[in-house]
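Chain identifiers are assigned alphabetically (A, B, ...) following the order of the sequence lines, protein sequences preceding nucleic acid strands; residue numbering begins at 1 within each chain. The structure displayed is predicted, hence computed values, not measured ones.
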Amino acid sequence: MSEVRRWKCVLLLVASFGLNSCSKTVKPAVNAQQEIQNAFTSLQVGQRVDLASAANFGWDRVLVVGPYTPESTMKPFMNDVPSELDDIGISNRDDIHVLLFLESKVFVRAIVLPRHIAEFSKAILLQPISRGQANFERGAKDNEFVLAPSGQIEH
Amino acid sequence: MFNRNMGVKDKYNKLSPAERDFVWWNAIAAINFNENASTALAEAQKRFGASTLHNGSGDSFRHCFWSAMNARDQGIAVARKFGEAHEDWVGNPANEKTMDLHNNSVGFDIGGWSIGATDRHLAVLCVEAWVNKKLIQIDSAKGSDLVYSNSYEKKLYR
């Protein structure tokens with residue numbers, strides 16, 4: 001193999017490696033925000049949302065964050081409070097809840113749920129809920145969701 | 001409503017249609033109200049517990065203080081117009097809307113009669129309103145009942 005051909009091969013390999021690296025950073029086409037919102041929409045009293053199925057990506061804990069929650073109160077649950085929360089502005093808004101997905105105390109994703117889609121019982125706000133226990137049941141009061149009986153808050 | 005670190009477009013996209021309409025016609029006032037919102041939230045966080053910032057004492061104080069600053073800076077009519085637009089979003093629970101509009105009204109009165117007053121002065125007047133049961137809030141212990149401010153807190157200290 002001539003020196004020129006060898007260099008061409010090396011450049012080709014580097015280029016293809018670069019392309020593959022880029023493609024790995026592309027997020028799946030699935031719109032998690034929309035899927036999770038859909039899961040909570042139009043449920044009847046007693047019907048449940050299995051969050052492990054609706055949020056089909058890697059996470060092991062979820063925190064339900066209520067309106068006007070200061071970011072400082074989320075710090076105990078994760079290594080770093082991500083800038084995404086700053087962008088959402090939950091500390092300054094009362095029209096949404098945020099589902100904060102974590103894996104080994106590392107932030108994975110924040111999903112915004114408008115309150116006209118789902119309310120959450122105050123008892124479950126800012127309580128780490130494991131993936132296996134994250135089943136929410138629509139209660140009788142307005143559109144409030146509570147943790148389903150199988151659900152359990154970790155202490 | 002707003003966050004200081006967000007881009008203008010991000011902030012605009014998060015507004016309700018009624019708020020967007022207000023911002024479109026009252027851009028200067030909206031910028032002023034945005035700053036006042038941050039001041040009111042920071043003051044409420046300093047003076048009240050985190051658990052009271054939604055529907056509790058901190059929330060009632062924040063609405064009063066924010067509205068007082070808005071009325072002082074832009075007049076009661078403009079401040080009230082924005083306050084009503086701010087509460088006009090789909091799914092806003094009736095009791096929360098009633099609470100916020102009432103506390104806004106107290107703030108408009110305070111700010112409207114305090115032209116030139118400092119933020120600190122308005123904050124003190126809103127604390128006085130809270131202490132004297134002029135504000136209302138939701139008593140979460142009793143479901144979603146509206147109660148006068150400084151009603152159930154006293155029980156904690158008796």
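- Residues of residues 94-104 of chain A having a heavy atom under 4.5 Å from any heavy atom of chain B, listed by number: A:Asp94, A:Asp95.
- One hydrophobic cluster holds both A:Phe120 and A:Trp59 under the rule that ILVMFWY side chains link at heavy-atom gaps under 4.5 Å.
- With a 4.5 Å cut-off on non-hydrogen atoms, B:Leu41 touches chain A through its side chain but not through its backbone.
- Heavy-atom neighbours of B:Ile115 CD1 from other residues, nucleotides or ligands within 6.0 Å: above the threshold of 12.
- Taking hydrophobic clusters as Ile, Leu, Val, Met, Phe, Trp and Tyr residues chained together by side-chain heavy-atom distances below 4.5 Å, B:Val147 does not share a cluster with B:Ile138.
- Residues A:Arg115 and B:Pro93 have side chains in contact (heavy-atom distance under 4.5 Å, counting atoms from C-beta outward).
- Under the 4.5 Å side-chain criterion, counting only non-hydrogen atoms from C-beta, A:Tyr68 is not in contact with B:Gln45.
- Under the 4.5 Å side-chain heavy-atom criterion for Ile, Leu, Val, Met, Phe, Trp and Tyr, B:Leu122 and B:Phe108 are members of distinct hydrophobic clusters.
- Applying the ring pair (Phe, Tyr, Trp, His ring centres under 6.0 Å) test to residues at least two apart or on different chains, the pairs with a partner in residues 112-137 of chain B are B:Phe48-B:Trp130.
- No continuous path of ILVMFWY side-chain contacts below 4.5 Å connects A:Val146 to A:Val65, so the two sit in separate hydrophobic clusters.
- When the shell of 6.0 Å around NZ of A:Lys122 is examined, it contains more than 12 heavy atoms from other residues, nucleotides or ligands.
- Residue B:Ser16 does not touch chain A at all, counting heavy-atom pairs closer than 4.5 Å.
- Summarising the local packing, OH of B:Tyr148 is surrounded by 12 or fewer heavy atoms from other residues, nucleotides or ligands at distances under 6.0 Å.
- Counting only heavy atoms from C-beta outward, the side chains of B:Trp89 and A:His116 never approach each other to under 4.5 Å.
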